[in-house]
Amino acid sequence: MGEGLSDQSLADYAGVSAVAIEGVTKRFGDVVAVDNINLDIADGEFFALLGPSGCGKTTTLRMIAGLEFPTSGSLRIFGDEVGTLPPDKRPVNTVFQNYALFPHMNVLDNVSFGLRMKGVEKKSAATQAREMIELVRLDGMEKRKPSQLSGGQQQRVALARALVNKPKVLLLDEPLGALDLKLRQDMQHELKSLQRELGVSFVFVTHDQEEALTMSDRIAVMHDGKLLQVGTAEELYDQPVNRFVADFVGQTNLIDATVIDDEMIALANGTKIKAPNPYPGGTKVAMSLRPESISIGAPEDVPEEFRPTSLHGVVQEMNYLGHSHVYTVGVDWMPLEVRTNATPTSIKYEPGTEVAIWWDRRSDWVVPDEGYSS
Amino acid sequence: MSTTRQLRGGTRWALSLNAFLVYLFFYAPIALLVFYSFSDDPLVGRWGGFTLGWYRDFGENQEVQNALSVSVKVAIISTLVSVVLGTMAALALERYRFRGNRFFDALLYLPVIVPDVTMAVMMLLFFTEGLSLVNTVFGTNLAKGLATVSLSHIAFSISFVSIVVRARLNGMNEKLEEAAQDLYASRWQAFRHVTLPQIMPGVVGGGLLALTLSLDDVVITQFVSGPGATTLPVYVFGLIRRGVSPLINAVSVVMLAASILLVVLSLVAQRARGESAA
Amino acid sequence: MTAVVDKPTEQARSATPEFEAANERQKRRRGFLLALPAYAYLVLFFFIPLGIVVAYSFATRTRNGSTSLSGWNLEAYRKLGEPIVSDILVRSLLLAVITTVICLIVAYPFSYFLATRSPAVRNLMLVFVMIPFWSNFLVRNYAWRVLLGNDGPASQLTQAVGMGETNILFTQTAVVLGLVYGFLPFMILPMYAAIERMDWSLIEASRDLGASGFQTFRNVALPLSMPGVIAGSILVFIPSLGAYVTPEILGGGKTTLLGSYIVVQFLTARNWPVGASVSTVLMLVMLLAALAYFRAGGRTL
């Protein structure tokens, strides 16, 4: 395992997927936890399953791991069907939420567990485990029990315990959920570089959109058991497929609107805006406008080119966040969030001030109001 | 626990006094029993100088020795069997759903609830009728004895063991078993290397409870023992009914010491539980 | 490595509802097989004996003291209404209630006190409650027999302080004393657990809102610790009602209670149907009490 693999995986990129999920559904009694999803995860990819709790992301991960069997559908790992294999017969390993380290074993025994179960001779298992412990920088801690380790150290033991088996795909269930903010940011970094070093696909589950955006090559957004959108961070952020994704990934203003024709939409207050869209006239849509894309100023300062589409309103609230000012601006029918960079020279608008807001036409994005496409 | 739990003035004194009296109530009779077991006076409850004579009598009394050996045999057999069966039942109920599991769950609680007199009656009728049936059908000559006592003790111990083990399983992170499977352990390996070490304090605790219950039981044993299978409590109970004697004091102190030893062992087992739970 | 290959997973194929169902079935079967030995044991050595007792309670006692199972009747239950038996029933109930109430009164302040100690002290105090709890029951009763005996230590003490002889051995008082002694830990442990679990900031909130110590106890602490009170009461009431050893040792022959009555019916009077019917009734009362216990959210011990 090493640099060689990532070169090869690049060469194979067009070839077979690390994980291929085809039409997979999982029911628990009457509840459809995962609803007919299709997903391809490439070799060497850092892939995130993102969604709110109960969206089916953990069930999806558990099906890849073999801890849950799909109700129907095909699940392949490097081309081999594994849908009905138990976990101990699959070439994947998992970093569990809260790690699930064996409390009665020390670090070395935890890490070498998988090898010993596979029948690797004890000495060799210990040697390999030691190497892995060194890789996650825990050398010297081999004899400690999990309870004697910090949260970050436990997390590294969990990583080492999974990686020592040389899985073809590493699965991580909310791997950073139990850590505090500072440590979480460090570990994000470490995970990312570890993944690059090993060249193995990492599939991780998270409800934290920021974490998903920071770490992943690609992200799949799930909601109510359905897969809504798969794409890079930029694609999700700039071109969400529907209202849910727009709202869940990053912060945004969603302005209710109606389609006039394929070039124009009408905002809720009647303002007509040029917005190319694929929807038939009369469709209810929402226009997603990111707070940082909106400019704010005195009504008379609106640049000429933005005048037809600018909106007028009153500042309701102003919060200073150090690097930026966040305004809540009440336009006729709804409050909008506006974020400006805070520099010593920037003008502040106190609550009660009448202002105008405008935005670059390239930064809005129209999403269907209802119905999540799959 | 950030909240301070403070008691004020009068309440505090009243509660302290109450606690003191409760402990006095608990331990004064036991202390006196121990004290008088060393008294060289044939009348119980009177001090006649220090002696170990009653303990010597205890060691030399053949009937006591026989009863003791029956007690120990029964306790060991019933503990071993009930620990195995009780642990399996606990695993089944905590980790699996199966047809009839609710009924089984309820059935498992019954022996805990039923008073020992009723249980004694049940076992008496069952073994009387059962043995006579077997003897008629197979022409055997089976009678009540060590086996019937052990079988009865197992019948009530299984439930206690399974309750203790279940509590332990309940507190165990189920993800650990999944993690073991994810790391290539077969079901048996996962049990052997992960589940069993985790529930061991519960298994040991349940076993000690079964041992205690078996060594404690008078009523049920009395009904199913038959001649030749008299346990120590049954023998002592018979003696007490005839009156107190310093010999009973000595036997009692030995039994007391045995049960306190078991408490200490179970506390050690719980201590181990506390450590591995982290 | 001992590979356990499951039937449905002999070869990998894509998942189907049939496979999922088969897997589910197999899991159920595995659970059932695991439970089976204990299950079978209890059916054979507990459930069937239970059935036999219930069956005998409908049987007839023949002249020579044996029992005839032909001709089922309610004769044995009718006997329960006769003064001799109903007196015993009432007396047993009464003593069980008195025992429970005394345990309540003693255990509540004790548990409250326990819960206000520092964790280290608390654990130590708990250990010293556990020791009598685990100690041999017979021996503990015998200790009282020695203590209360004719011219025994208790009597010597009362005489020394000029209160005359203590002569309560072989009375109902002695039986209640023995029962309280035997079952007090059953009251303390669940009660302590409930009080310990209580959110103590609620007590502070109550005081902050101007409630007196007693008002706080009455309106906040007591309702919150009620599950423990109920659980403890039932755990004391059940064994007190069925007690046999304590009345035999401390009550002498004079205070016959249910337990002794049943034993006599089986071992000396040889009236098995009546003994069986009393046992059945006793068991039903216990079952009801146990149901109440689980209703109150109790878990065993």
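The structure presented is a predicted model; accordingly, all values stated were derived computationally and were not measured. The sequence lines fix the lettering, A, B, ..., with proteins before strands; numbering per chain opens at 1.
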Engineer: Pick one of side chain, backbone, both or neither for C/Glu24, based on which atoms fall under 4.5 Å of a heavy atom in chain B.
Structural biologist: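 Neither part.
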Engineer: Name the member of C/Leu138, C/Leu147, C/Leu44 that forms the most heavy-atom pairs with chain B at distances under 4.5 Å.
Structural biologist: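 Winner by heavy-atom pair count: C/Leu138.
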Engineer: C/Ile238 versus chain B, heavy atoms under 4.5 Å apart: side chain, backbone, both or neither?
Structural biologist: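 Only the side chain of C/Ile238 comes within 4.5 Å of chain B.
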Engineer: Can you say whether B/Tyr36 sits under 4.5 Å from chain C via the side chain, the backbone, both, or neither, judging by heavy atoms?
Structural biologist: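 Looking at B/Tyr36, just its side chain touches chain C.
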Engineer: What's the separation between atom CG in B/Leu15 and atom OH in C/Tyr108, rounded to the nearest 0.5 Å?
Structural biologist: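 That separation rounds to 10.5 Å.
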Engineer: Need one label for C/Pro109: side chain, backbone, both or neither, based on atoms under 4.5 Å from any heavy atom in chain B.
Structural biologist: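 Both backbone and side chain.
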Engineer: Can you tell me how far CD1 of C/Ile131 sits from OG of B/Ser259, rounded to the nearest 0.5 angstrom?
Structural biologist: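 Answer rounded to 0.5 Å: 9.5 Å.
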Engineer: Kindly compute the distance separating CE (B/Met119) from CZ (C/Phe45), expressed to the nearest 0.5 Å.
Structural biologist: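 That separation rounds to 11.0 Å.
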Engineer: Do any N or O atoms from the side chain of C/Tyr41 and from the backbone of B/Leu151 form a donor-acceptor pair under 3.5 angstrom?
Structural biologist: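 Here the side-chain-to-backbone pair exists.
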Engineer: Quick one: closest heavy-atom pair of B/Leu85 and C/Ala38, and the distance?
Structural biologist: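 What the structure gives for the nearest pair is O-CB, 3.7 Å.
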Engineer: Check whether the ring centres of B/Tyr23 and C/Phe110 lie less than 6.0 Å apart, and answer yes or no.
Structural biologist: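 Under 6.0 Å, so yes.
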Engineer: Is it the side chain or the backbone of B/Ile113 that comes within 4.5 Å of chain C heavy atoms, both, or neither?
Structural biologist: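 Both parts, backbone and side chain.
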Engineer: Assign the ring pair B/Phe103 / C/Tyr39 to parallel, tilted or perpendicular, where the plane angle (0 to 90°) is split at 30° and 60°.
Structural biologist: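 Rings of B/Phe103 and C/Tyr39: tilted, as their planes differ by 30° to 60°.
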Engineer: Do other residues, nucleotides or ligands put more than 12 heavy atoms under 6.0 Å from the CZ atom of B/Arg99?
Structural biologist: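 Atom CZ in B/Arg99 is not packed in, count stays at 12 or less.
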Engineer: Within the structure provided, determine whether C/Leu282 and B/Pro115 are in side-chain contact (heavy-atom separation under 4.5 Å).
Structural biologist: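 In contact.
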Engineer: To the nearest 0.5 Å, how far apart are CD1 in B/Ile240 and CD in C/Glu248?
Structural biologist: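 Interatomic distance, B/Ile240 CD1 to C/Glu248 CD, rounded to 0.5 Å: 11.0 Å.
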Engineer: Using a 4.5 angstrom heavy-atom cutoff, name the option from C/Pro119, C/Ser118, C/Pro153, C/Gly242 with the most pairs to chain B.
Structural biologist: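 Between C/Pro119, C/Ser118, C/Pro153, C/Gly242, the count favours C/Pro153.
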Engineer: Go through it in stages, so that I can follow the logic: the residues are C/Phe113 and B/Trp13, the test is ring-ring contact (aromatic ring centres under 6.0 Å, His included), and I'd like the CA-CA distance, side-chain angles, deciding distance and then a yes or no.
Structural biologist: CA-CA 10 Å; C/Phe113 184 71; B/Trp13 283 112; 9.9 Å; no
Engineer: Do B/Val263 and C/Val127 have side-chain heavy atoms sitting under 4.5 Å apart?
Structural biologist: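 No; the side chains remain at least 4.5 Å from each other.
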Engineer: Where do C/Val139 and B/Leu256 come nearest, in terms of heavy atoms and distance?
Structural biologist: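 Between these two residues, the closest heavy atoms are CG1-CD1, 3.8 Å.
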Engineer: Using only atom types and a distance under 3.5 Å, with no angle test, would you say the side chain of B/Tyr27 pairs donor to acceptor with the backbone of C/Phe128?
Structural biologist: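 Pair found, side chain donor or acceptor close to backbone of C/Phe128.
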Engineer: Report yes or no: does C/Tyr181 contribute a side-chain atom to a donor-acceptor pair with the main-chain N or O of B/Phe26 at less than 3.5 Å?
Structural biologist: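 Yes, C/Tyr181 side chain to B/Phe26 backbone: donor-acceptor pair under 3.5 Å.
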Engineer: Can you find a heavy atom in the side chain of C/Arg28 that is under 4.5 Å from one in the side chain of B/Tyr96?
Structural biologist: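 A side-chain contact is absent here, since even the closest heavy-atom pair is not under 4.5 Å.
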Engineer: Is the closest side-chain heavy-atom distance between C/Pro37 and B/Met88 below 4.5 Å?
Structural biologist: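 Yes, close enough: below the 4.5 Å cut-off.
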